[in-house]
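See below for the structure under consideration.
Naming: A, B, ... by sequence-line order, numbering from 1 per chain. When reading the values below, keep in mind they use all heavy atoms of this one structure, side chains included, and skip hydrogens, waters and symmetry mates.
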Amino acid sequence: MSSLEQMYQQVILDHAKHPVGRGLVAVDADHLHGESHQVNPTCGDEVTLRVDVLPGVDGGPARVAGVSWEGQGCSISQASVSVMTELVSDQPLDEVARLDALFHDLMGSRGKGLDDEGVEDDLGDATAFTGVSKYPARIKCALLGWAALKDSLVRSGASATND
Amino acid sequence: MTTTEVGTGPSGRTFTPAELVAVRADFPLLGRTVRDGKRLVYLDSAATSQKPQVVLDTEVDFYEQRNAAVHRGAHALAEEATEAFEHARQQVAALVGTDVGEIVWTPGATTGINLVATGIQHATLGRGGEAAERFRVGPGDEILVTEAEHHSNLVPWQELAARTGATLRWIPVGDDGRLDLSGLEAAGGTTGSGAGRADDDGRGGAGLINERTRVVAFAHVSNVTGAVAPVSRIVAAARRVGALTVLDACQSVPHRPVDLHALGVDFAVFSAHKTLGPTGVGALYGRRELLEALPPVTTGGSMVEVVTMEGTTFAPPPLKFEAGTQMVAQAVGFGAAADYLRELGMDAVCAHEAELATELLRIAEIPGVRVIGPATVGTLGQDAGPEAGLPDRVAAVSFVVDGVHAHDVGQVLDDAGIAVRVGHHCAQPLHRRFGIAATARASASVYTTVDEVTAFREALAGVRAFFGAE
């Protein structure tokens, strides 16, 4: 498989064509919600993402109830938001934070992927972006949606900081 | 305008195949490969050009043999360094048809535009005394730009308007990517549909250039559409109302004969790094009397005559605008680049690139590919004054591919070793005007070959299939 084919895996092309979560949806009044607009100023790609957070009950953890978004951009940025939407939905916030860190590690791997295959499996379809990490100019495309999610969670009040 | 007769400049002579081979051999970088041994096809010269060996050698020679502080010190090296620095100014002045004292070194074209805009602001604050009164702008005055500008010739004017209370207006761009001058002057003309002003106060009816216009800043050639602006017409209209003209010549000077005196503009900027020269240096041209009157912006060492604790008198231009240690080696390299181009002959460069523009525009034959900008290369008519007979667009062609984002287009081309620019090319308003976020752009220079353009077209033809676009 050429580098180009490694970058544009079929799963990425499929997500770009049939994105998950596209189209902003209203959030229940008794849920937390946050919205973030992120732009990549070098290429003009943008995403507006809304997160719906189900507050924890009886000391249980808060969870991402759903993610919806609007955006335009290259297939990498759009597919990455789509894959992320699937991955984090219904996950507790600490797991979302762990996945975010794993995905950032993957993007820093220069095409090598993560050392721990078991951990890598946790990223599901998002491992398809390993090929992207070989191209420094495209990594920010793949991270655009993740930046919007992190910021939305902060804005929702569900996550305390935006480290 | 005609599409069959390509403007080639007065001589009409292009490079012979042997000459083009020799030109390419002058550019060491063109010999390298990229992405696992693929031949490099460099079609991003509008972003920055590659450099001929003589430019690299000149810079090295300066550091190895002549390096010293210029315009200070009386030792032998200081003399030689100053001579090289000032000789470079002559070389650059000769390329664009100006007097040597009318060329100010700047770190780049962006800084040059900011120098003029901020100088005008300083004049408005009263600096420069009576001589600088002609530059003053304020509430009720208008600054005119175009919708096609690179951000570097837009944002400084937005800032000047915000700081002085002047109004920013702009010439709209038509569907063909050319400036729509239908509303340029009143005389019964109508303002173009997209003609705008930041705070329309109902004074509609006046032309875009009217008695309130103080500055008209525009690009000679758009870095996105490749279209050549009707400089003579805009300059004539600006002169009638006493407005200053500021020409962004970054995309013209490297590619066609440019005679700034003949064009009659008041100020112009261009950059070395797009003109086969080094990064870190550019030039600002100003008509001598204007440079004499314009207050300096950056002040400090080297730009002064007499300094007392109470005040300072400034050196005459161009030194008045060159405070601090200058980019001497880069300026000397820029001089070598200017000579290199003049030796090739700007008529021949222009004719060569007109051929390449025509070849680049053939991408429109590929299903799903749409060119943003003039679709053909025509010839400027007699109304273009000193530019009559020259091509009406350059070999910078922006395009979109239906169903595939520009970034993805660029990636597939890159995989074939073909370097194009993707994004908004620092011209967001122009992209917004066409309803697109990003385009891909292929641009040529003296060393580009038809063969390279053919390779580009072939790779581009496979892009939609790769992404399964229907």
Side-chain angles (χ1 to χ4, degrees), chain A residues 1-19 22 37-48 69-83 107 110-111 128-145 147-148, chain B residues 33-38 44 47 150-152 154-155 224 368 372 398 400-441 459-460 462-470:
Chain A
M1 200 164 27
S2 74
S3 289
L4 193 67
E5 285 161 340
Q6 279 169 27
M7 174 185 238
Y8 292 109
Q9 306 244 342
Q10 194 57 44
V11 62
I12 292 179
L13 296 179
D14 288 347
H15 270 277
K17 271 193 163 175
H18 306 290
R22 179 171 246 162
H37 177 68
Q38 297 287 322
V39 178
N40 182 341
T42 59
C43 61
D45 285 9
E46 57 187 315
V47 63
T48 300
W69 56 279
E70 286 290 356
Q72 61 84 24
C74 66
S75 58
I76 300 299
S77 72
Q78 302 300 290
S80 183
V81 191
S82 172
V83 167
M107 286 299 100
R110 295 181 169 270
F129 291 88
T130 304
V132 176
S133 70
K134 271 190 186 171
Y135 295 88
R138 302 304 299 276
I139 291 170
K140 60 187 184 298
C141 306
L143 291 175
L144 187 69
Chain B
T33 58
V34 291
R35 302 289 186 215
D36 302 326
K38 296 196 186 72
D44 198 16
H150 188 285
H151 296 159
S152 61
L154 168 60
V155 182
V224 177
I372 305 299
S398 295
V400 292
V401 178
D402 286 347
V404 185
H405 190 273
H407 231 136
D408 297 322
V409 173
Q411 200 75 51
V412 174
L413 294 174
D414 170 66
D415 195 59
I418 300 164
V420 300
R421 172 80 183 265
V422 297
H424 50 59
H425 322 306
C426 299
Q428 289 181 20
L430 183 61
H431 280 75
R432 199 166 293 118
R433 184 252 172 265
F434 284 102
I436 43 185
T439 53
R441 181 189 66 196
L460 183 60
V463 164
R464 293 181 83 230
F466 181 86
F467 289 103
E470 288 120 34

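- With a 4.5 Å cut-off on non-hydrogen atoms, A/Leu13 touches chain B through its side chain but not through its backbone.
- B/His405 and A/Gly73 make their closest contact through CD2-C, 3.1 Å (heavy atoms, listed as atom of the first residue, atom of the second, distance).
- Residue A/Asn40 does not touch chain B at all, counting heavy-atom pairs closer than 4.5 Å.
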Let me have the donor-acceptor pairs involving side chains of residues 409-421 of chain B, under 3.5 Å, with sequence neighbours excluded, atom names and distances please.
residue	atom	partner	partner atom	Å
B/Gln411	OE1	A/Arg138	NH1	2.5
B/Asp414	OD1	B/Arg35	NE	3.3
B/Asp414	OD2	B/Arg35	NE	2.6
B/Asp414	OD2	B/Arg35	NH2	3.0

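- Atom NE2 of residue B/His407 and atom CG of residue A/Asp45 lie 7.0 Å apart, to the nearest 0.5 angstrom.
- Contact tally against chain B (heavy-atom pairs below 4.5 Å) for A/Glu46, A/Gln78, A/Met7: the top residue is A/Met7.
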